[in-house]
Amino acid sequence: MTTLDPALKAVTDQMRIIGDADGDGRIDIEEFLAALRGIGIDRAHARRAFEEADKDRDGALGYEEAVTAARKALQ
């Protein structure tokens, strides 16, 4: 099991709590922005991270895409 740094763990915890608000198994842009807002990441930075992570351009993130986006947002 990979150990996450504390900031990334906070993001993934928020995403688990808030992330999939509608229960569809994916995190859309609004769900992602809300999760990152909860830990103080500004909307513009989070939006850029989401857009870069949404590799298939379907407007939602699977788990791996979401972790990638969270890492990018923390940089």
Side-chain angles (χ1 to χ4, degrees):
M1 181 166 131
T2 303
T3 302
L4 301 177
D5 68 65
L8 185 56
K9 181 169 183 343
V11 170
T12 57
D13 288 348
Q14 281 293 317
M15 288 168 44
R16 233 180 273 116
I17 295 165
I18 300 170
D20 186 17
D22 61 10
D24 68 354
R26 314 226 343 120
I27 299 172
D28 66 33
I29 184 68
E30 293 306 319
E31 292 169 329
F32 185 77
L33 294 175
L36 294 186
R37 186 178 324 116
I39 60 164
I41 295 175
D42 71 88
R43 187 174 180 89
H45 195 98
R47 182 176 291 280
R48 281 191 305 275
F50 181 94
E51 289 169 357
E52 287 181 28
D54 186 16
K55 299 298 183 193
D56 58 8
R57 303 289 182 242
D58 67 352
L61 305 179
Y63 178 77
E64 291 300 321
E65 287 177 316
V67 169
T68 298
R71 281 190 175 119
K72 187 70 174 178
L74 291 170
Q75 295 179 347

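A quick note: this is a predicted structure, and the numbers were derived from the prediction, not measured.
- Nearest approach of Phe50 to Leu61, heavy atoms of both residues: CE1-CG, 3.2 Å.
- Expressed to the nearest 0.5 Å, how far CD1 of Ile29 lies from CZ of Arg47 amounts to 4.5 Å.
- Residue pairs satisfying the side chain to side chain donor-acceptor pair (under 3.5 Å) criterion with at least one member in residues 51-61, sequence neighbours excluded, are listed as follows: Arg26-Asp58.
- Not counting sequence neighbours, the partners of Arg43 by the salt bridge (charged side-chain N to carboxylate O under 4.0 Å, His left out) test are Glu30.
- Not counting sequence neighbours, Asp42 has no partner by the side-chain hydrogen bond (donor to acceptor under 3.5 Å, both in side chains) test.
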